[in-house]
Amino acid sequence: MTEKIRIKDIAKRAGVSVGTVDRVIHKRPNVSVGALKKVKKVLKEMNYQPNVYASALAYNKSYTFYILLPKHASEAYWDEIEEGAIKAVEMRRDFNISLEIMYYSRLNSESFVETFQSCLLKNPDGVILVPYTLDLTQQFTDVLHERNIPFVLLDSYMPDLKPLSFFGQDSFQSGSFAAHMLMLFTQSEKSIAIIKQTIGGRMPSRQQEYREKGLRAYMANNYPEINIYEVNLPLDEERKQYEYILDDFFIEHPDVHHCISLNSKAYLVGEYLLKKSKKDIQIVGYDVVLKNVECLKKGSISFLIAQHAYQQGFASIETLFRHIVLKRKVQIVNYMPIEFLTKENIDFYHRTQI
């Protein structure tokens with residue numbers, strides 16, 4: 001059995017010292033070419049598999065990972081990211097891993113810059129990052145690359161940043177899927193509406209941008225005759241103003257009975273529809289947050305698309321752990337499943353299952 005192979009057995013068979021074998025196994029310097037060849041030959045012959053977990057524990061180093069998230073209210077999509085990350089750290093506590101969570105405002109680019117600069121001052125061992133714009137995020141990731149600090153991206157995959165890994169949905173395909181499902185409900189409708197939340201007229205994340213591109217591509221290819229209207233609920237506007245915006249829209253467009261929200265706040269419209277008793281209008285949304293689920297069960301949301309935020313948080317920590325602590329290869333792109341949830345199956349959705 002490989003676990004019974006001792007370093008001194010390898011050293012004896014290779015005709016070198018125990019210290020030399022130890023340096024080869026742990027890839028340390030100061031080993032002659034001849035000794036390296038001898039030890040590697042014996043390792044291969046004996047099918048030696050090092051116990052990376054035991055080695056990591058014996059090294060007794062501590063690691064601090066940082067996660068940078070948008071500021072959010074409680075019970076939001078980002079809460080699940082946090083919960084998953086915290087659980088992963090708890091499971092690896094024997095390896096002296098700790099986690100620090102930092103927040104920035106998506107309403108303010110300076111907030112993102114200040115947050116990443118603060119993170120850099122703390123000399124992280126690894127970073128999990130929800131990116132801002134490509135240009136601003138690259139200012140951060142360029143420094144991480146210079147310092148050989150690995151980072152994992154969430155929410156939006158930006159290959160130009162060369163992350164260690166990415167966890168999230170294929171946003172374009174997700175938008176196409178949402179459009180396909182939505183059109184199963186609309187039957188003979190002539191119009192649909194996209195509910196947006198923007199900052200200064202732009203989407204706050206690339207994820208939402210690509211969801212819209214996927215949705216519009218599907219509609220153009222399959223339902224070019226359908227009118228697509230937009231409703232903007234600005235992120236920097238007071239929520240009480242949303243009701244007036246929605247009132248005006250539905251009065252002006254009485255033919256619209258189906259809407260889709262591209263972010264996790266479909267409940268903003270779902271709660272409005274319940275309050276106004278508009279049973280002839282429904283909305284499609286993303287993410288299994290409590291308020292979305294409540295609207296789903298009450299009928300103002302038709303269905304939700306889940307993307308396993310908890311698993312994304314958990315897997316991000318696990319990826320940093322495997323790469324940094326265990327020195328193992330990890331997969332770069334990790335697309336999450338695109339799942340379809342209705343009030344009939346929502347209670348069977350296990351968000352914390354890994």
Side-chain angles (χ1 to χ4, degrees), residues 67 69-70 72 75-88 91 128-131 152-159 163-185 205-219 222 260-267 283-293 295-297 301-322 329-354:
I67 182 167
L69 298 175
H72 57 272
E75 299 178 348
Y77 164 78
W78 305 112
D79 274 353
E80 294 194 31
I81 296 281
E82 291 182 25
E83 291 174 21
I86 291 169
K87 181 62 176 179
M91 291 183 64
I128 299 165
L129 170 66
V130 175
V152 175
L153 289 181
L154 298 177
D155 188 64
S156 303
Y157 181 43
M158 299 180 175
L164 173 69
S165 285
F166 162 75
F167 288 90
Q169 284 186 343
D170 181 321
S171 299
F172 186 93
Q173 283 298 102
S174 179
S176 296
F177 174 81
H180 187 175
M181 294 297 101
L182 177 64
M183 295 311 296
L184 295 179
F185 286 81
S205 78
R206 183 170 289 194
Q207 181 188 67
Q208 293 176 47
E209 291 178 6
Y210 276 84
R211 284 175 181 170
E212 181 176 358
K213 289 181 179 179
L215 181 148
R216 289 186 178 278
Y218 180 88
M219 296 300 294
N222 297 280
I260 181 165
S261 171
L262 298 174
N263 62 18
S264 62
K265 295 182 179 180
Y267 65 81
I283 186 169
V284 170
Y286 278 82
D287 301 321
V288 188
V289 299
L290 180 60
K291 291 182 179 180
N292 279 349
V293 173
C295 288
L296 182 72
K297 291 184 175 181
I301 290 181
S302 301
F303 65 84
L304 293 171
I305 298 173
Q307 56 178 330
H308 292 285
Y310 181 97
Q311 282 88 334
Q312 291 181 49
F314 186 100
S316 296
I317 293 291
E318 188 68 6
T319 294
L320 289 177
F321 167 76
R322 290 174 62 83
K329 291 184 179 179
V330 296
Q331 187 166 309
I332 297 175
V333 179
N334 303 272
Y335 285 126
M336 307 304 292
I338 303 172
E339 296 192 329
F340 180 83
L341 300 174
T342 68
K343 63 181 179 181
E344 288 78 19
N345 69 351
I346 187 67
D347 289 333
F348 303 98
Y349 174 74
H350 301 293
R351 68 180 180 85
T352 60
Q353 183 176 354
I354 299 298

Open item on the list: If I compare all heavy atoms of Val330 with all of Ser165, which pair ends up nearest, and what's the gap?
Closed with: CG2-OG, 3.7 Å

Task: Pair Tyr77 + His72: ring centers closer than 6.0 Å - done: no

TODO: Kindly give the heavy-atom pair with the smallest separation between Phe185 and Phe340, and that separation in Å.
DONE: CE1-CZ, 4.3 Å

- [ ] Indicate yes or no for a side-chain donor-acceptor contact from Arg206 to the backbone of Ser156 under 3.5 Å, with no hydrogens or angles considered.
- [x] no

- [ ] Please report the C-alpha distance between Glu82 and Leu69 in whole Å, then the side-chain angles of each, then the deciding distance to 0.1 Å, and finally whether the side-chain contact (heavy atoms from CB on, under 4.5 Å) criterion is met.
- [x] CA-CA 9 Å; Glu82 291 182 25; Leu69 298 175; 3.4 Å; yes

- [ ] May I ask you to decide if Tyr286's main-chain N or O and Ser264's side chain share a donor-acceptor pair within less than 3.5 Å?
- [x] no

Task: Side-chain donor or acceptor of Asp155 paired with backbone N/O of Val130 under 3.5 Å - done: no

Task: Atom of Val152, atom of Thr319 and distance for their closest heavy-atom approach - done: CG2-CG2, 4.3 Å

Open item on the list: Let me confirm one number: the CE-CD1 distance from Met181 to Ile260, rounded to the nearest 0.5 Å.
Closed with: 11.0 Å

Task: Between CG on residue Leu129 and CG on residue Leu154, distance to nearest 0.5 Å - done: 8.0 Å

TODO: For Asp287 and Val289, indicate whether the former's side chain and the latter's backbone hold a donor-acceptor pair under 3.5 Å.
DONE: no

Task: Separation of Phe177 CZ from Asp170 CG (nearest 0.5 Å) - done: 13.0 Å

TODO: Identify the heavy atoms of Met219 and Ala179 that sit nearest to each other, and give their distance.
DONE: SD-CB, 4.2 Å

TODO: For a side chain to side chain contact (heavy atoms under 4.5 Å, CB included) with Leu164, tell me which candidate from Leu320, Leu153, Ile128 qualifies.
DONE: Leu320

- [ ] Ignoring hydrogens and angles, tell me if any N or O in the side chain of Ser171 forms a donor-acceptor pair with the backbone of Arg211 under 3.5 Å.
- [x] no

Open item on the list: Please report the interatomic distance OG(Ser302) to NZ(Lys343), rounded to the nearest 0.5 Å.
Closed with: 10.0 Å

- [ ] Report yes or no: does Gln312 contribute a side-chain atom to a donor-acceptor pair with the main-chain N or O of Ala85 at less than 3.5 Å?
- [x] no

Task: Shortest non-hydrogen contact from Leu262 toward Glu212 - done: CD1-CB, 3.6 Å

Open item on the list: Using the rule ring-ring contact (aromatic ring centres under 6.0 Å, His included), only one of Tyr335, Tyr349, Phe167, Phe314 pairs with His308; which is it?
Closed with: Tyr349

Task: Inter-residue atom distance Asn222.CG - Met183.CE, 0.5 Å rounding - done: 9.0 Å

Open item on the list: To the nearest 0.5 Å, what is the distance between CG on Leu341 and CD1 on Ile346?
Closed with: 4.5 Å

TODO: Can you see which heavy atom on Pro163 is nearest to which on Met158, and at what distance?
DONE: CD-O, 3.9 Å

Open item on the list: Under a 3.5 Å distance rule, please check whether Ser261 uses its side chain to pair with a backbone N or O of Gly285 as donor and acceptor.
Closed with: no

